[in-house]
Amino acid sequence: MERVLGIDLGTTNTCVAIVEEGVPTVIPNRGGYKTTPSMVAITEAGKRLVGHIAKRQAITNAENTVYAAKRLIGRKWTSPQVKNAVSTASYKIVEGPHGDVRLVLRDKTYSVAEISAMILQEAKIFAEDYLNEPVTKAVITVPAYFNDNQRQATKDAGAIAGLDVIRIINEPTAAALAYGFGKNVDKVIAVFDLGGGTFDISVLEISSSGVFKVIATAGDTFLGGEDFDGRVIDWLVEGFKEQHQVDLRQDRMALQRLKDAAEKAKCELSGVAETEINLPFIISSGRNDALHLQRTLTRAKLNELCEDLVERCIEICRQTLEDARLEKDEIEEVILVGGMTRMPAVQDSVTKFFGREPCKGVHPDEVVGLGAAVQGAALVDESREMILLDVTPHALGIMTFGSKFEELIPKNTTVPTSRSKIFTTSRDNQTAVKILVMQGDSEKATDNELLGEFILTGLRRAPKGQVEIEVNFEINSDGIVSVSAKDLETGQAQSIQVTASSGLTKDEVKAMMDNAKDFLVEARTNDEFEGVKQEAEKFVTEIEKMFPQVEAVVASSDFGREAIGKARSILEKTRDAIAKRESAVVKEQMEALARTHRMFKGVVSRPH
Ligand code: AMP
């Protein structure tokens, strides 16, 4: 049986695992480490470095070393996250040809997926070395809150690295899989995941029969360890400014050293109460003498600097429990994931909020990769009874006439799923409709988030409400959303894969909504008619198809001719009633249609 790698492609670190003889196991990298820094660098000689070796040279080659690429993957150039990264990253970020993001290293431009692919390729190589056999399949994890573009780009990265990504799963779900593996328990658990770049909280129900059902999930793709580092950097920069009137932010190299020192101090403070930050020769004062940075940071000060960040995580937990309609004491286990959960202040807040100590049995850096491996093994081995039921974090729907939000897929619906609804034109002779795909939980479309739009053109001219458009939403097992619209009469269709949610400014969204006003659809009031119509039309089409053959067989007898005449009149009546949208009349014809259909079928199938 083919082996499948489980890969936790983290913002800061990547962890690779596999199920070996039934046991999920982490694969160490070439240096023997169980996690690999998610860093890529290009040296002066044009050599590509990945992982620890890239991290080690980051200070002296800051401009050509990429870290935290996960924060950029699948994002639009105009998104606030990218804007922020452009001003703080030590490497160069530029706009790509499709409004996307590119990275420039030594004059060569790379897509973010290409950079992530380099990390994945490294993972593939050391995994193959370890296993002594080629591996091509992988399950990769992403934060539950990743939108479709981000998921798609992660899949692309896998493909570039020569991996067949057989499934994308959410990180908290993976953690639950690793936790529940082989335990045979029925429990409601919460997975609290604070990593380098993102925060996620998920509530799941795990059962001894192997079903893992996500009840609710939420998060913030812009809240993680780097924000904690940022607070320490700010504190150091401000202190230095007061002392020397020099702004360290002006110097990329100094900033990179500060970044490293801040993160190191933060991590140390998880174990000790205070630590020294020492950066000799951090910058020149301009008068030919170098300045040094030396400060003591206490755990209490760090907690104070980061208090609101921790509180933001807790607030999201509160909201998620509310969404799941659960009380805190109904959560039977709390699992901590991500390096940042080693910070005592984070652990204390989680313990206080849930009223219980988090589970100690899982390794926060490895649990997600292990869970991905468990899922990978289950996907290729049908004998493993395991069902994974993930959910959509928000309601999905479209904007209809009057700025109403018409929901197609409710929030926290189990995926994969697909839902259709029929809409109609909202004006006379409307020949085009614009489908505004939205995400959110308000009935007012303008309060929700616009994910994308597309136009279906070439509709026949007809009074309002008479052209029918079927809108279909589909979410696959990777969480990727596709939306299509079809003119039910002509069969003409348009579709999109939903694009990034955060790439548009509020004004841009408003303008898009305003521009769409004349092209919107309306929810169909007459749904009952629709059902009857579809059924009747099916009979009509089939009877028409059989007509010539039946006529040829029975036309020689009076009885036959009479039957043919009756059938004709039934068809005519039905077509007429459908055109006039007379639901009751169509219904009346239904029995006669069914009878005729049966009789025709009998004639056609009889040997002659
Ligand atoms: P992850 O994305 O799960 O690899 O988490 C990485 C984040 O965890 C980074 O921001 C690290 O600085 C942080 N981290 C790792 N170890 C510790 C520690 N002992 N104390 C506090 N933060 C840590």
Side-chain angles (χ1 to χ4, degrees), residues 6-17 26 29 33-39 51-52 54-55 58 67-73 88 116 119 123 140-146 154 170-172 174-175 178 191-202 219-233 256 258-275 277 297-303 305-307 309-310 313 335-350 358 360 362-372:
I7 306 180
D8 168 11
L9 180 61
T11 308
T12 12
N13 291 301
T14 294
C15 178
V16 185
V26 172
N29 66 20
Y33 297 100
K34 290 190 164 181
T35 61
T36 304
S38 306
M39 284 178 124
H52 286 100
K55 187 170 185 174
Y67 54 87
K70 191 174 179 178
R71 280 201 164 183
L72 303 171
I73 201 160
T88 56
S116 298
I119 301 164
I140 302 181
T141 58
V142 296
Y145 248 56
F146 253 25
T154 305
N170 291 339
E171 285 159 13
V191 178
F192 181 103
D193 178 357
L194 187 58
T198 54
F199 171 66
D200 275 303
I201 172 82
S202 292
D220 187 336
T221 49
F222 205 38
L223 176 58
E226 286 190 6
D227 301 303
F228 289 68
D229 302 345
R231 293 296 165 84
V232 178
I233 296 171
Q256 182 60 43
L258 277 175
K259 215 185 208 23
D260 284 351
E263 188 186 357
K264 190 162 157 270
K266 175 193 73 177
C267 294
E268 278 170 8
L269 289 174
S270 294
V272 295
E274 65 172 58
T275 184
I277 299 170
L297 180 61
T298 63
R299 188 188 282 177
K301 184 69 193 173
L302 174 70
N303 292 351
L305 292 172
C306 304
E307 199 180 345
L309 298 174
V310 180
C313 299
I335 297 169
L336 296 181
V337 181
M340 271 313 300
T341 57
R342 291 215 186 83
M343 184 172 171
V346 172
Q347 292 183 2
D348 292 347
S349 295
V350 171
K360 291 268 184 292
V362 293
H363 195 299
D365 293 337
E366 298 169 10
V367 64
V368 171
L370 290 169

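Just so you know, ligand 1 is whichever comes first in the structure, and atom 1 is the first atom listed for that ligand. Position 1 is the first residue of the sequence, and the numbers go up from there. Note that the structure is a prediction, hence the values are computed from the model and not measured.
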Shell of residues surrounding ligand 1, defined by a 4.0 angstrom heavy-atom cut-off that is strict: Thr12, Asn13, Gly195, Gly196, Gly225, Glu263, Lys266, Cys267, Ser270, Gly338, Gly339, Met340, Arg342
Partners passing ring pair (Phe, Tyr, Trp, His ring centres under 6.0 Å) against Phe228 (at least two apart in sequence or in another chain): none
Electrostatic pair Lys34:Asp8 at N-O distance under 4.0 angstrom: no
Ring pair (Phe, Tyr, Trp, His ring centres under 6.0 Å) partners of Phe146, counting only residues at least two apart: none
Counterpart residues, ring pair (Phe, Tyr, Trp, His ring centres under 6.0 Å), relative to His363 (two or more places apart): none
Main-chain N/O of Leu9 paired with Lys70 side-chain donor or acceptor, under 3.5 Å: yes
Candidate list Asn29, Thr35, Thr36, test side chain to side chain contact (heavy atoms under 4.5 Å, CB included), partner Cys15, passing option: Thr35
